[in-house]
There are 2 protein chains.
Amino acid sequence: MPTAFTPTLDTVFSALADPTRRAILSMLLEDDMAVTDVAEPFDISLAAISKHLVILTRAGLITQEKRGRVKWCKLEPDALRAASVWMQGFGQFEAVNLDAFERFLAVELDPPKAE
Amino acid sequence: MPTAFTPTLDTVFSALADPTRRAILSMLLEDDMAVTDVAEPFDISLAAISKHLVILTRAGLITQEKRGRVKWCKLEPDALRAASVWMQGFGQFEAVNLDAFERFLAVELDPPKAE
DNA sequence: CGCATATTCAACCGACTGGTTGACGATTGC
DNA sequence: GCAATCGTCAACCAGTCGGTTGAATATGCG
């Protein structure tokens, strides 16, 4: 049974490290999809896709809901927040010599625009 | 020899997927460090740390410069930009909140500091 | 009911990972 | 010169990863 997974930076970053999984996430940005439809554009087996979806689920990046015999995959972008925050701790790295907390405040007051 | 590494999302995310490597990056936020000093707080061999530093270098997250017999490690936070932008595509996470920052502190700045 | 569809399970495979140890080249300092 | 220090290299190991195939489990449909 799906015990309550507690996504960590480890699981999130390693889930994101695979290009197939990132592509799946991008697809789910458009809309929820069934497992078979997720698999369709890829050249690998359905079982392999199923495993990727398990990994994304354990990372909290998607949820899956079974309706009838179809399992729908839904993006959960909130799971990226902790990782994003972690990275932003490094992002504002100007010449100023800020410690981690000051840097965080700077990010919070003036969030970087993803250009 | 400055082999032109072309850091990809793959290399960056998989570099970030390891807690030891994230801890190293956090340590380098404070200041540049020699390899031996990077290794000091960890319970693993110097050779293992050296391998981690190679992975961080190939991801573009740090650079290393040898002065005398000491090799200095320097954080290169710009390498996070592409990954950060990619993640921003999924969530309009507005300004980060304090909960998220506390998780950042608890999880990532917890590991032992090198003095 | 019986068959097709949707998805996972189980076993297996080769490649990669993170770790070890010991030897090694380079540099420093007595 | 010689010994200690800094860091990497090479070989090895156990475990994980991404993939396969084939069987199994649900569910829907005619």
Side-chain angles (χ1 to χ4, degrees), chain A residues 1-3 5 7-25 27-28 31-59 61-74, chain B residues 1-3 5 7-25 27-28 31-59 61-74 111-112 114-115:
Chain A
M1 283 309 289
T3 45
F5 294 121
T8 60
L9 289 180
D10 279 43
T11 58
V12 170
F13 280 132
S14 57
L16 296 179
D18 183 273
T20 300
R21 287 192 291 265
R22 288 198 307 276
I24 291 173
L25 293 177
M27 290 163 56
L28 291 177
D31 205 354
D32 299 357
M33 295 178 79
V35 174
T36 305
D37 295 330
V38 169
E40 195 272 332
F42 297 97
D43 264 350
I44 62 180
S45 69
L46 187 61
I49 293 291
S50 181
K51 286 188 189 178
H52 281 305
L53 293 173
V54 167
I55 291 171
L56 290 170
T57 301
R58 297 177 77 109
L61 291 164
I62 66 171
T63 51
Q64 293 181 286
E65 181 199 353
K66 195 170 177 185
R67 284 204 300 273
R69 63 183 166 178
V70 175
K71 206 166 182 181
W72 293 90
C73 305
K74 181 181 189 307
Chain B
M1 177 178 55
T3 314
F5 292 122
T8 60
L9 290 180
D10 279 42
T11 59
V12 170
F13 280 132
S14 58
L16 296 180
D18 184 273
T20 300
R21 287 193 290 265
R22 288 197 308 276
I24 290 173
L25 293 178
M27 289 162 56
L28 291 177
D31 205 354
D32 299 356
M33 296 178 77
V35 172
T36 304
D37 295 330
V38 169
E40 195 270 333
F42 298 98
D43 264 350
I44 61 181
S45 68
L46 185 61
I49 293 291
S50 181
K51 287 188 189 178
H52 282 304
L53 294 173
V54 168
I55 290 172
L56 290 171
T57 300
R58 297 179 77 108
L61 291 164
I62 67 170
T63 50
Q64 292 182 287
E65 181 200 353
K66 194 169 177 185
R67 287 203 297 272
R69 65 181 165 181
V70 176
K71 205 167 184 180
W72 293 89
C73 304
K74 180 180 189 310
E115 100 226 13

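Basis for what follows: all heavy atoms, side chains included, without hydrogens, waters or symmetry-related copies. The chains referred to below are lettered A, B, ... by the order of the sequence lines, with proteins before strands, and numbering in each begins at 1. Because the structure is predicted, anything quoted here is derived from the model rather than measured.
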Could you state the atom-to-atom distance from CZ of A/R58 to C1' of D/dC17 in whole Å?
-> 14 Å
Can you check whether B/L46's main-chain N or O pairs, donor with acceptor, with B/S50's side chain at less than 3.5 Å?
-> no
Could you check whether B/I44 gets within reach of a base, just the sugar-phosphate, or nothing at all, counting any heavy atom under 4.0 Å?
-> sugar-phosphate
NZ-CD1 distance between A/K51 and A/I44, expressed to the nearest 0.5 angstrom | 10.0 Å
Comparing B/V70 with A/V70, nearest DNA chain D nucleotide closer to 5' gives the residue B/V70
Between residues 47-56 of chain B and DNA chain D, which residues have a heavy-atom gap below 4.0 Å?
-> B/A47, B/S50, B/K51
Starting from P on D/dG18, measure out to CG on A/D43 and report it in whole angstrom.
-> 18 Å
Over how many whole Å does the gap from A/L46 atom CG to D/dT21 atom C1' extend?
-> 13 Å
Taking only N and O in the side chain of A/R21, is any of them less than 4.0 Å away from OP1 or OP2 of D/dG18?
-> yes
Please walk me through it: do A/M27 and A/L25 pass side-chain contact (heavy atoms from CB on, under 4.5 Å)?
-> CA-CA 5 Å; A/M27 290 163 56; A/L25 293 177; over 6 Å; no
Criterion side-chain contact (heavy atoms from CB on, under 4.5 Å) against B/R67, the qualifying member of B/R69, B/E65, B/K71 | B/E65
Counting heavy atoms from C-beta on, name the nucleotide in D/dG7, D/dG19, D/dT5 closest to the side chain of B/K71.
-> D/dG7
Carefully, step by step, assess B/V38 and B/V35 under the rule side-chain contact (heavy atoms from CB on, under 4.5 Å).
-> CA-CA 5 Å; B/V38 169; B/V35 172; 5.6 Å; no
For B/Q64 and A/K66, take the nucleotide of DNA chain D holding the closest heavy atom to each; which residue's nucleotide lies nearer the 5' end?
-> B/Q64
Span of DNA chain C in contact with chain B (heavy atoms, under 4.0 Å) | C/dG18 to C/dT28
Give the C-alpha distance, both sets of side-chain angles, the deciding distance and a yes or no for side-chain contact (heavy atoms from CB on, under 4.5 Å) between A/C73 and A/L53.
-> CA-CA 8 Å; A/C73 305; A/L53 293 173; 3.9 Å; yes
For atom CZ of B/R67 and atom P of D/dG7, their distance in whole Å | 12 Å
Taking the side chain from B/R21 and the backbone from B/H52, do they hold a donor-acceptor pair closer than 3.5 Å?
-> no
Any side-chain heavy atom of B/F13 sitting closer than 4.5 Å to one from A/R22?
-> yes
Side chains of A/T11 and A/T8: closer than 4.5 Å at any heavy-atom pair?
-> yes
